[in-house]
Amino acid sequence: MTVHMPSRPLTSLLVIMAAAAATLGVSSHPAQASADRVRLGNASDVSRPSWSGPAFTMNGDGAVVAASMTKAINAIRANTGSLDVVVLAGSAPSSGSETPECDTITDLGGVNSCTTWTLTAASDGNNTQLNTDIRNAEFVYFAGGDQCRYAAWKGTALQASVQSVVAKGGGSGGGSAGLHINSSLVYDACRASATSAGALANPYDKSVTFTTGMFNWPDYGDTINDSHFVARDRMGRTMAFVARAIKDGLTSQGKAWGVGVDEGGSSLFIDKNGLATLSGGNAYVVLGDHQPEQATAGKPLTYSDFKIWHLTAGQTFDFKNRPTCGYYKRSVTNGVAQSNLYNGTPETGCGSQGGGGSTVQESEPNDSRSAADDVSGRARPLTVTGALTTTSDRDYFSFTLASGQRATTTCAVPDAYDADVYLLDSSGGTAARSVNNGRGVDEAVSYTRTASGSGTYYLELESYSGSGSAAYSCGLALS
């Protein structure tokens, strides 16, 4: 193991070593250490009795996304104090900084230290100093690279150490290969890299291999992550992964959920309640909820009605209470997928499976339209809850209305405050409002969209007077 802090270049030393090696008739290339450690920031770890996670970041490419990483850091430390991060990599960067992830992370607020470990052998997962660093950290970030190397750490001490970080209220995440390793079923690419065309033509192609039992994060079960999603046209292969998982019984309840995140700054931040919020461009959730019509070795895939949720920047997906509406459908027949895989019109009349509906608890800060909790794809009937804890507190929830569709909300208001309720259009204009006087007086408002097409609307609650921790409850119905 090589342990060092960033210091002056080693060029002169290497020249001397090369000259000596040439004189002795041995290779001038220094032996590669199997485990390399570089620490940035404070040399001592933070110690405190409890943390407020877990929290996760799922990035479409290897780079750290500052927006989602900042949310994870703040959630884990509850916006107070600082924490330690460990970055795990299976190979060193080919050029530039030797610590590109930590370079970004240490520039963010609330970070005490960031330690990069480069592990080139599976047995490095049992390195004592490595596991001490991980267990003392509050977030573990898996760098881009080769997820097969990460899957090889299964069964080493590293696996349990990372699990301990999440269990104590810390977090995990990563990008590209690091995204793959954080799903409950890992596409490991240990034999080859699958393409959409190849996987659809034969879902049992040698390139389609999985690792099970690595990590199973809270509320994120039965998932298969995929990276560089739109840029590398990976919807088709994710469909094949989902079908294989169901056919082979690799997930539970006959369902599998593909999670595809695009590159170029797209990142899902997942909070302790299982609510994912997208930063950047695009992400997709692909549900298979029945056995494939055909998934056999050597034969093309046939699977009807994958349910696909398309997320854009700021939109959310609830992995704890997974939606049963808001998706569009695409099918695969004899290895050929329907056209327009990455865009579709969401179904709004699908309702709730089993009639259970859903409840959305506000996630602060949701005090502006840009930070609104997105409830568009949630099962109906839908209830949103929260509290107006200060007189300046405002809570926003966003949803979509189609032409001719009516939104109706009825809010039960606690005695602690007098709440006013507004329905706002996409530009923030008031479409309808309810401003009944008095603390504890309920509010009700409705609005019908008459314009063509669909549009984004916001349910806003604000305090006219009073405040408190007592919760309001608003039913939101679309008809």
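All of these numbers come straight from a predicted model, not from anything done at the bench.
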Heavy-atom check, side chain of [X] versus side chain of [Y], under 4.5 Å:
X	Y	value
Arg149	Asp146	yes
Met235	Arg330	no
Leu130	Arg37	no
Ile308	Met239	yes
Thr383	Leu476	no

Can you give me the closest heavy-atom contact between [X] and [Y], atom names plus distance?
X	Y	answer
Cys102	Thr116	SG-OG1, 3.2 Å
Ser172	Val166	CB-CG2, 4.1 Å
Gly170	Ile76	C-CD1, 3.6 Å
Ala189	Thr209	N-OG1, 3.9 Å
Arg135	Ser161	NE-OG, 3.1 Å
Cys114	Thr106	CB-CG2, 3.7 Å

Ring centers of [X], [Y] separated by less than 6.0 Å:
X	Y	value
Tyr150	His180	no
Phe319	Phe317	yes
Tyr284	Tyr342	yes

Practice task
Evaluate the criterion side-chain contact (heavy atoms from CB on, under 4.5 Å) for residue pair Asn136 and Ile134; output intermediate values, then yes/no.
Solution key: CA-CA 5 Å; Asn136 287 342; Ile134 293 174; over 6 Å; no
Distance in Å, [X] [atom1] paired with [Y] [atom2], rounded so as to fall on 0.5 Å steps:
X	Y	atom1	atom2	value
Ile105	Leu40	CD1	CG	9.5 Å
Arg237	Arg244	CZ	CZ	13.5 Å
Ile270	Thr277	CD1	OG1	9.5 Å
Asn79	Glu364	CG	CD	11.5 Å
Gln294	Leu301	CD	CG	8.0 Å
Asp205	Leu200	CG	CG	11.0 Å

Do you see a donor-acceptor pair shorter than 3.5 Å between the side chains of [X] and [Y]?
X	Y	result
Asn282	Ser266	no
Asn340	Tyr328	no
Asp36	Thr118	no
Ser267	Ser68	yes
Asp103	Ser97	yes
Asp233	Ser196	no
Arg39	Ser113	yes
Thr211	Asp188	yes
Ser376	Gln315	no

Exercise for the section: Just do the side chain to side chain donor-acceptor pair (under 3.5 Å) check on Asp61 and Ser176 with the steps written out, would you? Expected result: CA-CA 4 Å; Asp61 56 35; Ser176 191; over 6 Å; no
Exercise for the section: Would you check, one step at a time, whether the test salt bridge (Lys or Arg N to Asp or Glu O under 4.0 Å) holds for Asp219 with Arg322? Expected result: CA-CA 9 Å; Asp219 304 317; Arg322 300 187 188 187; over 6 Å; no
More than 12 heavy atoms of other groups within 6.0 Å of [X] [atom1]:
X	atom1	answer
Lys272	NZ	no
Lys206	NZ	no
Arg191	CZ	no

Practice task
Answer yes or no: is there an ion pair linking Lys255 with Asp222, defined by an N-O contact shorter than 4.0 Å?
Solution key: no
Problem - Test ring pair (Phe, Tyr, Trp, His ring centres under 6.0 Å) applied to Phe241 and Phe306, Phe210, Trp257, Tyr204, the passing residue - result: Phe210
Problem - Audit row: Val259, Leu268, side-chain contact (heavy atoms from CB on, under 4.5 Å) steps and yes/no - result: CA-CA 10 Å; Val259 181; Leu268 289 171; 3.8 Å; yes
Fill in the blank from the handout: Per side chain to side chain contact (heavy atoms under 4.5 Å, CB included), Asp374 is matched among Leu311, Val360, Thr316 by Thr316
Handout entry: Working for side-chain contact (heavy atoms from CB on, under 4.5 Å), residues Val384 and Asp373
Key = CA-CA 10 Å; Val384 299; Asp373 291 314; over 6 Å; no
Handout entry: Audit row: Arg369, Ser426, side chain to side chain donor-acceptor pair (under 3.5 Å) steps and yes/no
Key = CA-CA 9 Å; Arg369 285 181 289 121; Ser426 59; over 6 Å; no
Practice task
Determine the sole option in Thr132, Asn127, Asp133 for which the side-chain hydrogen bond (donor to acceptor under 3.5 Å, both in side chains) test with Gln129 is passed.
Solution key: Asp133
Practice task
Show your working on ring pair (Phe, Tyr, Trp, His ring centres under 6.0 Å) between Tyr327 and His310 and close with a plain yes or no.
Solution key: CA-CA 8 Å; Tyr327 52 78; His310 177 196; over 10 Å; no
Practice task
Run the numbers on Leu88 and Trp153 for side-chain contact (heavy atoms from CB on, under 4.5 Å), then give the verdict.
Solution key: CA-CA 11 Å; Leu88 300 177; Trp153 297 335; 4.1 Å; yes
Practice task
Validate the cation-pi geometry between Arg48 and Trp51: distance from NZ or CZ to the six-membered ring centre under 6.0 Å, angle to the ring axis within 45°.
Solution key: yes
Exercise for the section: Quick one: do Lys307 and Glu347 satisfy salt bridge (Lys or Arg N to Asp or Glu O under 4.0 Å)? Show the steps, please. Expected result: CA-CA 10 Å; Lys307 296 173 180 176; Glu347 296 192 11; over 6 Å; no
Handout entry: side chain to side chain donor-acceptor pair (under 3.5 Å) between Thr385 and Glu362, intermediate numbers included
Key = CA-CA 6 Å; Thr385 66; Glu362 65 156 329; over 6 Å; no
